[in-house]
Number of protein chains: 2
Amino acid sequence: MADVAARAGVSLGTVSRALRGLDGVSPGTRDRIREVAAELDYVVNPEAAALAGRSTGRVAVVLHDLPSWYGSSVVLGLERVLRPAGLDLLVRCVDDPEDRVRFFASMPLRRKVDAVVVVAIALTSAEVAKLHDGGVAVVAAGSHSPDVPFVAIDDVLAAQQAVNHLLQLGHRRIALLNTVAATDRAWQAQRDREQGFRLAMEMAGIPVDEELVVSWSGGSRGGAQGMDRLLSGRRLPSAVFAFSDEVALGAMRSLRRAGIGVPRQISVLSIDDHPLAELTDLTTVAQDPVALGRAAAEQVLDLLHGRPVREVGPFPTRLVVRGTTAPPLE
Amino acid sequence: MADVAARAGVSLGTVSRALRGLDGVSPGTRDRIREVAAELDYVVNPEAAALAGRSTGRVAVVLHDLPSWYGSSVVLGLERVLRPAGLDLLVRCVDDPEDRVRFFASMPLRRKVDAVVVVAIALTSAEVAKLHDGGVAVVAAGSHSPDVPFVAIDDVLAAQQAVNHLLQLGHRRIALLNTVAATDRAWQAQRDREQGFRLAMEMAGIPVDEELVVSWSGGSRGGAQGMDRLLSGRRLPSAVFAFSDEVALGAMRSLRRAGIGVPRQISVLSIDDHPLAELTDLTTVAQDPVALGRAAAEQVLDLLHGRPVREVGPFPTRLVVRGTTAPPLE
DNA sequence: CTGAAAGCGCTTACAG
DNA sequence: CTGAAAGCGCTTACAG
């Protein structure tokens with residue numbers, strides 16, 4: 001920058017202001033400075049700028065399930081809008097609840113990033129306060145935290161869309177295959193989807209058989225085990241609404257092994273529209289986590305530029321009927 | 001850092017040296033300083049460190065397929081060893097070939113990161129030279145580049161393992177469902193797997209029917225289309241070796257739609273052991289991309305610490321026999 | 001509108 | 001083994 005200043009015959013401060021387009025530089029000098037800078041192929045040193053100013057040009061994304069379709073899609077969406085905006089993306093996986101507590105307790109984010117996006121993680125007020133005190137902007141994707149802008153689908157609605165489809169097909173004995181672990185989305189999604197399930201049943205005037213409500217660990221393995229549990233019950237359900245596509249795929253494996261036809265004997269559907277849902281012909285309620293990531297990134301930009309954050313309504317979800325749902329037998 | 005120095009009763013320089021484990025600090029003072037730092041939840045400001053010294057405390061991972069099992073698993077592996085080492089991980093997705101050229105041409109990595117890990121991307125000598133000139137260390141995972149340490153499986157061998165399994169079952173009309181696009185691993189993997197396929201056939205003394213060698217775009221969609229192509233041929237194969245599990249799953253959908261039984265009429269197998277392979281009962285040659293990521297991270301640490309880089313042999317792959325392969329009919 | 005100067009929080013020769 | 005000091009390349013009050 002010193003070179004640029006010397007060559008343009010101005011001071012460092014003026015160059016700094018001109019290059020960033022701040023007010024208080026005459027158009028003439030500004031243009032001349034920019035010309036010289038271009039000529040010299042000059043780019044500001046981000047470390048120095050960050051040290052002197054207060055922004056780092058980086059945002060962190062914190063999630064717990066990286067090698068998963070959902071998490072990595074959100075990251076992709078974030079990257080797609082953050083990078084063109086000149087911001088770099090830093091990823092941090094938190095494995096288990098303890099790791100997560102440790103992470104937010106010892107705020108290593110301060111001065112490392114301008115903002116953090118938490119994916120499917122519900123922060124406590126204390127955690128949010130700590131981040132804000134550290135001057136770090138916070139945005140949530142797929143979960144809610146106090147005083148934090150967020151983007152998310154309406155989990156209650158998504159579950160209703162799923163269950164209503166089963167109801168319309170004529171099902172009455174509908175099982176809920178939910179998940180519990182912190183490794184699978186936030187507890188909020190679990191709670192909301194269960195609520196949507198119950199709401200839909202209630203509106204149809206059908207009492208929920210509590211024996212058909214199972215909460216197991218997440219992922220396909222959990223889905224398989226949860227389905228085994230359902231299969232060992234006194235009466236089988238005629239349809240299963242699973243927390244996610246992965247859970248549903250696990251459940252379908254159990255059904256296949258038990259020799260139960262899908263959808264002939266039992267219908268299965270879930271939420272996500274994972275790329276493999278199409279391959280396995282799974283009926284599901286689709287969501288778009290890449291779009292979610294993009295929207296979260298927009299909120300980050302608003303926050304960093306001091307603009308009012310665009311409030312976005314719940315992200316749309318839509319039923320995709322494929323081959324794993326059909327009217328019940330008899 | 002000033003706080004830590006004051007509290008420990010030493011100078012800034014000593015704290016800096018102690019925290020980085022440099023020589024020339026007595027074990028006693030070093031431990032005391034570290035204790036105080038821990039107590040104060042102190043973390044060095046990376047900007048200042050980078051500005052004063054030359055390292056940024058960051059490493060970038062560059063890949064093209066983020067929302068994929070392979071890519072995100074490698075990232076997870078990297079994160080798992082880089083983070084404990086005090087390094088932050090920055091992700092950069094390159095979408096298409098042009099984007100990738102642009103990225104490496106305008107070296108925005110200089111002074112932003114200490115090292116870059118390319119995942120399944122083959123760099124040119126010029127690109128590598130540019131990175132090295134910029135003082136950036138380079139490591140490759142799942143691909144090779146000139147003068148760059150790498151970790152990878154032996155793709156030729158993996159393909160042979162797959163094809164040999166089919167040969168032992170008695171198959172002779174074996175199709176290769178390969179991929180071409182840059183969006184799916186590096187071209188190196190495609191070439192090597194095809195070579196492994198041909199090698200195995202040759203060693204079994206079976207001529208390859210070139211009509212059964214199909215290269216389609218990647219992903220499950222490409223697999224489905226490639227399989228359609230094979231199905232429209234004059235004579236069907238009795239077994240299909242697919243580039244990856246995703247491709248194989250796409251192929252299996254085409255087979256299902258065509259009413260062809262797997263493995264009764266056609267056997268299918270591939271490479272990866274994607275979590276969904278188990279769910280869909282897919283026979284495959286397993287690899288471990290998380291381990292690959294960890295190993296790449298170790299190499300990065302070696303490079304950054306000026307240690308000789310540990311050469312690691314090809315990562316092991318192993319055949320996992322499941323339900324999609326069986327002896328040929330009749 | 002522009003400049004001179006302090007300072008961001010570290011690292012690194014250089015002394016001792 | 002440890003300290004005092006210069007300096008990394010910027011930004012930002014503060015003057016003018």
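When reading the values below, keep in mind they use all heavy atoms of this one structure, side chains included, and skip hydrogens, waters and symmetry mates. Values in this document were obtained by computation on a predicted structure and should not be read as measured data. Throughout, a chain's letter reflects where its sequence line sits, starting with A, and its residues are numbered from 1.
When distances run from any side-chain atom of B/Ser26 to the nucleotides C/dT11, D/dT11, D/dT2, the shortest one goes to D/dT2. When distances are taken from the side chain of B/Ser11 to each of D/dG9, D/dA4, C/dC1, the shortest belongs to D/dA4. Among the nucleotides D/dT11, D/dT2, C/dG3, the one closest to the side chain of B/Arg17 is D/dT2. For B/Ala52, the side-chain atoms get nearest to C/dG9 when compared with the rest of C/dG7, C/dG9, C/dG3. If you check D/dC1, C/dC10, D/dA4 against the side chain of B/Tyr42, the one that comes closest is C/dC10. For B/Thr14, counting side-chain heavy atoms from C-beta on, the closest listed nucleotide (D/dC10, D/dG3, C/dC10) is D/dG3.
When all heavy atoms of B/Ser143 and B/Val118 are compared, the closest pair comes out as OG-O, 4.5 Å.
Taking atom CG of residue B/Leu51 and atom P of nucleotide C/dG9, one finds them 12 Å apart after rounding to whole Å. Rounded to an integer number of Å, the gap from A/Arg32 CZ to C/dC1 P is 15 Å. As rounded to whole Å, 15 Å separates atom C1' of C/dC8 from atom CE of A/Met1. Look at CD on B/Glu47: it is 13 Å from C1' on D/dC8, rounded to the nearest Å. The distance from atom CG of A/Asp31 to atom P of C/dC1 is 13 Å, rounded to the nearest whole Å. Rounded to whole Å, the distance from CG on B/Asn45 to P on C/dC8 is 11 Å. The interatomic distance linking A/Asp23 (CG) with D/dT12 (P) rounds to 13 Å, in whole Å. Straight-line distance from the CG atom of A/Asp3 to the P atom of D/dG9: 10 Å, rounded to whole Å.
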Go through A/Leu82 and A/Leu301 one step at a time and tell me if the side chain to side chain contact (heavy atoms under 4.5 Å, CB included) criterion holds.
-> CA-CA 8 Å; A/Leu82 257 20; A/Leu301 295 180; 4.2 Å; yes
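Contact annotation: the side chain of B/Val312 approaches that of B/Gln299 to within less than 4.5 Å [non-hydrogen atoms, C-beta and beyond]. Within the 4.5 Å cutoff, no side-chain heavy atoms of B/Leu63 are placed close to those of B/Val74. Looking only at side-chain heavy atoms (C-beta outward), B/Leu89 and B/Val59 come within less than 4.5 Å of each other.
If you check D/dA4 for Watson-Crick or wobble pairing at under 3.5 angstrom, you find it has no partner at all. Nucleotide C/dA13 forms a pair with no other nucleotide shown, judged by Watson-Crick or G-U wobble geometry with both contacts under 3.5 Å.
For the pair B/Thr29 and D/dC1, the criterion of a side-chain N or O lying under 4.0 Å from OP1 or OP2 is not met.
The 5' end of DNA chain C is approached more closely, in terms of each residue's nearest nucleotide, by A/Gly24 than by the other of A/Leu12 and A/Gly24. In terms of position along DNA chain D, the nucleotide closest to B/Gly13 lies nearer the 5' end than the nucleotide closest to the other residue of the pair B/Gly13 and B/Ala48.
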